[in-house]
Structures are given as structure tokens and as C-alpha cells.
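Each remark here refers to the structure printed beneath this line.
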Amino acid sequence: MVCTVFKIFALAALTASCIVAIPVDKDMVVVTDVPNVTFPTKEGNTNQRPQISEMNIKTNVTNRFAQTTVTSKVKNHATKSQEAVFFVVLPDQAFISAFIMEIDGKNYTAYVQEKEKAKKTYEDAVSSGIGAAHVAVSARDSNKFTVNVNIEPESKAVFYLTYEELLERKKGFYELVINIHPGQLVKDLNVEVDIDESRALSFVKAPQIRSGNEILKENDELDPRAQIDTPKPEQAVIKFKPDYEKQKRIAHGLGTKEDEGLSGQFIVQYDVERDQEGGEILVKDGYFVHFFAPPNLKPLVKHVVFVLDTSGSMYGRRIEQLKEAMKNILGDLNPEDYFNLVEFNSNVKVWNLDAPEESTTFPNDDNLWGHPEKVHEIKDVSFPPAYPVKNTTINKANKAVMEMHATGGTNIYEAIRVGIHLIKLRQKRVGNNNIQPLIIFLTDGEATVGKVSENEIIAGVSDENSIKIPIVSLSFGDSADRKMLKKLSQKNFGFERTIYEDSDSDLQLQNFYKEISSPLLNNIKFTYTPDTVSLTRTDFPILYQGGELVVSGRIPENVNVDKPIVSCFGILGPVLYRPKVKKSVGQLERLWAYMTVKKLLGEKETSTNATEIEKKALDLALKYSFVTPVTSMVVVKPNSTKSVDTEEASSSPDYAPGAPLNVGFGGSFKKNIGYRKFNTRTRPGIALSRPFLSAPAPQYPLLTSTLAQQYPLATVLPGSTYQPSYDRVATGFAMVPNHVFELDSDEGVINHTEAFSTTTMKPFVVPAEIKTKLPWMETKFNVDGTLTFFKGHYTLGLNETSPAGLDCTDPQSEEGFCMLVKDCEILLPKLIDEQSFKDYFCSIENKFAGVCCPKKK
């Protein structure tokens, strides 16, 4: 899937020389950004924000390889210089390959360097100063690219960005998603998608506009009414040119502000006619690509083991959504399939559907906490069998799912180990019979019980998985250890997928299962003549219904790809395919380079020879100017140079304590000025944890004294010669108002029009009582009083009152009340270190770290 957001932020001119350089994190976007507000001038006039006069988005798709160029034209109509920020959210699988800024008729072309060199280039050239910020825009499965530039009065700027990606076939079609969010009505907004394939198109359509996050119901207001032409059977041209009224209509359908323009995703879906044999091999200029997706195959019988996290962190909406999703997933199992139902927390429970009271718990040990070296014998344990898919077994499984409740810790290693053992047991009892095994593993957290080391878990699971069972990992929510799950699945013939925690999480789970519900072929191997070199991946564990396998490589010019063979296993046993070879309609070199870099970056994550593999990926990325995890783009602009990487664009705005808030066009405002409400959740891949920073302030920064203590911001007043900075171990500065803010809960913003003054914020002081009763905790506090060992931003709530009747379950599965630590003296002797505190941890109002206090008997 391709998903792209285009947005221009317009910002007022900043006070000169009040910006300090920030160290660039290797995975962090570097950008100067302040709220999109109107500033009164000394003369009393008002500056106009820069206007987007034209936005063109052009995508060319050839051989499933999409190249998108974004062109945005901006004009500053004001009488003073203003800053415009070009902001793009692009697909997480895409590589940026070109960026140009045209300012006052002169072009400034970016170039790609090794990440560390780019960082040094930026630091060496940053004498004029650049601020750091995290832009709050939402898009699932995406990355961000942000660049800012100053525009002179009555002047124009034009931004050009190109990125490339191979479209992935899922559920029987390719999907291109262009997420447009200019933050204002655009007079001339044009989107054009040109498709040119080697085979005839079976269908092309532009379904309704999406929000970019939650799945929406059908709505006629969201019909883009795009123009679709098919000049040839292999070609299609899709045009979308919404005028002001259509932009407003779509905004209304999405529930966004009409005067902020279109804020959604334009989508194109298509597929091609399929070859009945081994797919097609396209050749051109010494490169080839092989597409393989044979039609009309019956699915393999599968034995699927659902391994579901029911630890304490799944309490509430998460486990309810899991139950709702499982009800539909169980109903979608194929009639010939077999399945096991496994839940895990501190222990692992394999459900006996015929006699639930006889379900097996493993390891049946209450002394698991803090003993990662302990490995329990599994071979002599009696487990329930795999159940055939019947109405009776599905009904029983649904009853079992409804009885699941969240409690205890997270024993990831033993859970997957049990899943592997169940599949081995069935194969031992009845043989393989070409039944496709599959483990679907879902968790929302990190390992806290048994083996907790990432390397030990991955190595242990890989050793156990001698029969090469694909393990598909689902990371549920923000707290899941996505990096570890991705490595684990890559090492075990599967993949990782993120399930975003939102109101549609159950639908995400159901849609994901549909993608993998019907494996068609397994053990697939592509064989070519010795003349073919530099091949991408040539062996695959499974081809799922609606999917496609792709291989690319190099071959000497004027040499044919002779007698290629695809060998695999289908429902009737071994199968051989002999694909056809033909000349490509377009170039293949960049497609091959893209796939090769992707392959090398994937191998680097799990290889013992990571340095050499990374060097190969780096060399190729530099040659083709791809911005990747090992390269950065150096943006050249008037009087400065900066290193820019992409960062993850999550499904909700993310902020971290110590990082300034940012709102561009499209932010919610009422009256004068405002910031969005704080959201402290951070997602993997976004490095924002308390950078040393000092940033320019808007004329009326908004921050209550309470928020200032929780979210310190370094800032200065316009025109001030005093320049504070933020030090994570010492003190910070915050803007404190003279009067009370107005909080608009509907619009999610804080508003205020009074003056502000600069005050010094005192660092958190550890109370003497904590030093005496929990001495190990003395060094575990951040400067703002949050605890260092949680991913979330929790304090002890020392001046708060414990809630009444908030139930919880402790590590021994005993019921208790979730209370603040200060109100649970009886538990203090057990809180001997960080791990024991985590074991008893429970969340109070998502901001206080409570403990599960035993109920008085």
C-alpha cells in the first residue's frame, strides 16, 4: 500500500538570532516549526499567512513500481518575511529520491549522504541555528518528511519531492493511497495517477475518500467522483481535481473543518490479468523482474494456533476488542482447517474446548518472576489436541474467548514455545499431510516473565522452530516491542504487523486475518540460469490468496532468462511452474535497486554479519539517491544546510515531555491562539525523549504552570536578548501566564490572550519518605518527576488521592485494589527493585503509577 500526506505549514517570521542548534538524532526529523497563528505587528497590521496557490500530485505506476512527484507552490502575500514548511507523510516502505526547492527563481537541490556524514554536514553548516520539533499529524503505516524555508515579502516558493515504492498486492489488488492535508482550501488542487502495465488491467477504481486512520462507513459525500480513462487495456489515467465546493463537501463527510480544506486519503485500486502458468518475467537493459501469483488455486488446509496475550495490560477496551475480533476470525476459518486456542500472561493456557476445566496451564509455576534462566520441560506435559473446524468447536471456542480476562505478566517465550509444540504434536500424531502450520501471535507489551532478553527469546524460539513454522506477530498498541517482534518473525518465516489502538482495532484484526486466511502454496523456490546475478529473495515460505511474490535480478544484455522454474507445494502436492518471458514496458533498474536495498536492510536486522550487509545497502542507496535507514537527505537552502530523515507518522499525534508542540494548517483553533491538547504517547521509531533544546517562542505561547512542570519547554519572548536552555538534569524554563487559560474540550485546544512572563521551573525533588522506604527509586526520576523505567510518562502522584474500588490482579493472580504507592504500606517490603515495581504496577488515570494492593481480609 502507498500512503502519502502533503501539507504546507505557513509560519510568521521569527525573532532574529534566537534559535540554537539541536543535535540531530539518527531517526529524527529536524525542522523549525511554531504554531500557525497570526501575529500583530508593531504598526497594528496583520500578516497574512502564505497561501498555497497550486498543489499537483503526479504518480506514474509501471510494473507495479510507483514514482510520485509532489509539487506545491506557495506565495507570501504579507509585507514581512514568513516561514513556510513543506511537510509530507509518505509510505513506510517508500524511499525519497529527490527534493528541490525553488526560491526567487533559484533551485536548491538536496542530496543524499550516509547518515553520519549527513549529520556532520548539518552540524558544520548550522551556525545560523535550526530548531527541532515533532509535527503532530496522523497517518498509519507512514513516515514523515519535513523542510522549512523563509519566504520574502510578496515572493513565491515551489517545492518538488519525489519518492518511489513497489506496490504490494493484498486481498487481490494493488492500492495506491495519497493522503492530502493542505490545511486550507486550495484553488488549484490536482491529483493524477498514470498506470502502464505489461498485462491488461482487470479493473481500476477510485473508492471513497478515507480519513487515514479509523475505518469509516460508506458515505456518498466521500465519493471522489474521479475521472478514469483507459486508453489501452494495459493503461489507465485517473484524475482527481476537487474544486472549493468538493473540498468542503469531503471535509464535511470526514468530520473536519470545511475551511481547512480536504483532509483525507485519495485511493486508487487496480489489478492485472493473471497468467495461468508461472507468472511473467519482464526483461529490459540487463535487468529483470518476475511477478508470481497463479490464479484459481484451492487453499491449503492449515493448522493455525492463536496465541493471545491476556496479561494485565490488556485490561479494558483492548481485551474487549480482541474478543470481538476473534468472534469474526474464528467464523472465517476454512471448514477443512484445524486450530488451537492459547492465551498467555504469566503462564500459558491451552484451552480444552470439550472440558474447559481440564485446560492445560504451562508452566504451572507460581515462581516465574525474576527467573529468566529457568526453562521448563514440555515434552511430558499433556496438551489438548488440535480441533477441527465445526460449528460445535467454533461455538465452544467463542465461549472460551469470552471467558478470557486480563491479569498477570507477559511470558512471551513460553507462549510461542507452546504454540510450536502444539503443531509438532499434531504432526507427530497424524503426520504432515501437507497441512500448512501457522502461529498468529498477538501481544501488547514487552516480555516481563521468564526470558525477557530480546536475543534470548529470538534465539530460543528459532531453535525450537526446527520445522519452519511461520510466526506472524501482531503488535497491539503503543507498548508492544515491535522491534523485537519484527526480528522474531523475520527469523521464523513470518512478518510483523501493527494493530493501532483505536476504536477500530477489532476491524484491523479482522482485515489482517483475511489477508492470511487462505495460504495457496508453500515452500516456493525460484530457479534461474547461472547467468542471472544479484538476485533478490528467491525462496518464500507461503503465498497467500490475493498476494503476489516478486523476484528481481540482473542478467547480461542480449542474454535470455532461459527456462526459469518455480517449484512449490499445493493442496495436491508438488507443483512446477514455467513462467513466460517478455520485454518490459518500462525501465527496471530502479525497481531492482529498490528491492535489493530492501532485502539487504531486512537481512541486516537478523544477520551476524550486519556491518558488511549495511555497507552494501549504503553503497546502493547512495548510488540511486534513496533516503533509507542508513542514509539521510541533506537539504540545501539559502544560508543554511540541514540533514533530514523520515520519521514514523503514527495513528495519533505524539508528543514527548521536553519537546515543543507544533500545529500547522489544520490545527484546531478558537479565538486567538492555541495549542492542541497534550498526548504523551510515543511510538517506536520516533526518537523524541527529552532532547536538549532551545527554541523560538511565538508571541503568546500557551502553557499553564501545571503543564509547564509536566512538559517543560525552553523558549524566549520575541525581541528578548535572554536565551534560556533546557537541561534534562538541571532546570528548564517555561512560559507562565498571568491569567487563567480557557480550555475548549470539544476542539481540544487551550486559548488565552494575556501576557506571559519567563519563570524558572524547579527540578523534581525526591521526597525523604521515598528515599527511606524505597531507596532504590531515588535515582529513577526524570527532572519533571516522571519515572524513568516506564515507556509512558507516569508519576507517583504524591499529592493525589487513591481512587476507590479500582480492581486489579497481582502477579499471584490475587485480587486487589489499584492504589498509589504511598497508600499501600503493606506492599512496600515486596517493592525491592524496578522489576518488582513493574510486576505490581497498575495505571491510575493513565498518568499515575499505582500498585495492586492486596484486599484486606
Side-chain angles (χ1 to χ4, degrees), residues 168-174 199-200 202-203 269-281 290-306 328-340 385-394 397 422-423 426-427 429-440 467-472 493-495 497 510-527 538-551 564-580:
E168 184 179 359
R169 187 173 187 255
K170 295 179 182 178
K171 295 187 289 188
F173 56 83
Y174 307 97
R199 300 187 66 84
S202 58
F203 77 90
Q269 297 172 344
Y270 80 96
D271 198 19
V272 299
E273 298 288 350
R274 296 290 151 184
D275 182 79
Q276 297 295 323
E277 298 300 325
E280 59 178 346
I281 296 179
H290 184 176
F291 298 106
F292 181 73
N296 306 320
L297 296 178
K298 292 183 178 180
L300 297 168
V301 176
K302 67 178 181 292
H303 175 195
V304 57
V305 180
F306 298 100
N328 290 283
I329 289 172
L330 289 168
D332 285 341
L333 286 169
N334 296 328
E336 298 83 8
D337 290 344
Y338 295 84
F339 72 100
N340 283 98
Y387 293 94
V389 174
K390 298 179 180 179
N391 287 337
T392 53
T393 55
I394 296 301
L422 291 173
I423 291 172
R426 188 183 185 284
Q427 291 192 0
R429 292 168 182 165
V430 301
N432 185 1
N433 295 330
N434 202 30
I435 292 178
Q436 176 61 55
L438 181 65
I439 292 175
I440 298 179
I467 58 175
K468 299 183 178 180
I469 303 165
I471 300 175
V472 176
F493 319 101
F495 56 90
R497 181 71 61 83
Q510 294 169 47
N511 288 339
F512 163 75
Y513 177 73
K514 289 177 182 177
E515 292 180 22
I516 64 168
S517 61
S518 296
L520 302 177
L521 301 168
N522 61 21
N523 296 319
I524 306 138
K525 299 184 183 299
F526 292 76
T527 304
T538 57
D539 60 293
F540 301 84
I542 304 179
L543 171 64
Y544 295 102
Q545 189 173 61
E548 181 177 65
L549 303 179
V550 186
V551 179
I565 295 175
V566 182
S567 61
C568 51
F569 287 85
I571 192 169
L572 299 178
V575 185
L576 287 179
Y577 289 97
R578 300 184 186 279
K580 299 176 182 178

Kindly assign one of parallel, tilted or perpendicular to the pair Phe339 and Tyr387, based on the angle between their ring planes and the thresholds 30° and 60°.
tilted

Relative to each other, are the rings of Tyr513 and Phe306 parallel, tilted or perpendicular (30° and 60° limits)?
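Geometry flag for Phe306 against Tyr513: tilted rings.
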
Quick one, Asp332 and Lys514 - any side-chain contact, counting heavy atoms below 4.5 Å?
yes

State, with a plain yes or no, whether a side-chain heavy atom of Leu576 is found less than 4.5 Å away from one of Ile565.
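When only atoms from C-beta onward are counted, Ile565 and Leu576 do touch, with a gap below 4.5 Å.
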
Could you pull out the closest heavy-atom pair between [X] and [Y], with the gap in Å?
X: Cys568; Y: Leu521; answer: SG-CD1, 3.8 Å
X: Val575; Y: Gly570; answer: CG2-N, 3.9 Å
X: Arg274; Y: Ala293; answer: CD-O, 3.4 Å
X: Leu520; Y: Leu297; answer: CD2-O, 3.7 Å
X: Ile542; Y: Leu549; answer: O-CD2, 4.2 Å
X: Gln510; Y: Asn328; answer: NE2-ND2, 3.3 Å

Between Lys302 and Ser517 (side chain of the first, backbone of the second, donor and acceptor by atom type, cut-off under 3.5 Å), is there such a pair?
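Such a contact is found between Lys302 side chain and Ser517 backbone.
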
Please check this pair: side chain of Ser202 against backbone of Asp271, looking for a donor-acceptor N/O pair closer than 3.5 Å.
yes

State the [atom1]-[atom2] distance between [X] and [Y], to the nearest 0.5 angstrom.
X: Tyr270; Y: Phe173; atom1: OH; atom2: CZ; answer: 12.5 Å
X: Asn334; Y: Leu300; atom1: CG; atom2: CG; answer: 10.0 Å
X: Lys580; Y: Gln276; atom1: NZ; atom2: CD; answer: 9.0 Å
X: Phe512; Y: Lys171; atom1: CZ; atom2: NZ; answer: 11.5 Å
X: Ile329; Y: Ile394; atom1: CD1; atom2: CD1; answer: 11.5 Å
X: Asn522; Y: Ile524; atom1: CG; atom2: CD1; answer: 7.0 Å

How far apart are the C-alpha atoms of Leu438 and His303, what are their side-chain angles, what is the distance that settles it, and do they pass the side chain to side chain contact (heavy atoms under 4.5 Å, CB included) test?
CA-CA 6 Å; Leu438 181 65; His303 175 195; over 6 Å; no

In this structure, which one of Gln269, Glu548, Glu168, Arg169 forms a side chain to side chain donor-acceptor pair (under 3.5 Å) with Tyr174?
Glu548

Applying side chain to side chain contact (heavy atoms under 4.5 Å, CB included), run through Tyr338 and Val389 and close with a yes or a no.
CA-CA 6 Å; Tyr338 295 84; Val389 174; over 6 Å; no

Show, in sequence, the C-alpha distance, side-chain angles and deciding distance for Asn340 and Arg426, and conclude whether the side chain to side chain contact (heavy atoms under 4.5 Å, CB included) test is met.
CA-CA 11 Å; Asn340 283 98; Arg426 188 183 185 284; over 6 Å; no

Please evaluate residues Lys468 and Asn523 with respect to the criterion side chain to side chain contact (heavy atoms under 4.5 Å, CB included), reporting the C-alpha separation (whole Å), side-chain torsions for both, the decisive distance (0.1 Å), and the verdict.
CA-CA 10 Å; Lys468 299 183 178 180; Asn523 296 319; 5.9 Å; no

Flag yes if more than 12 heavy atoms outside Arg429 fall under 6.0 Å of its CZ atom; otherwise flag no.
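More than 12 heavy atoms, drawn from other residues, nucleotides or ligands, come within 6.0 Å of this atom.
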
Identify the residue among Ile440, Ile423, Ile471 that makes a side-chain contact (heavy atoms from CB on, under 4.5 Å) with Val305.
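Between Val305 and the candidates, side-chain contact (heavy atoms from CB on, under 4.5 Å) is satisfied uniquely by Ile423.
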
Looking at the rings of Phe292 and Phe526, which for Trp means the six-membered one, are their centres under 6.0 Å apart?
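Aromatic pair counts; centres sit under 6.0 Å.
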
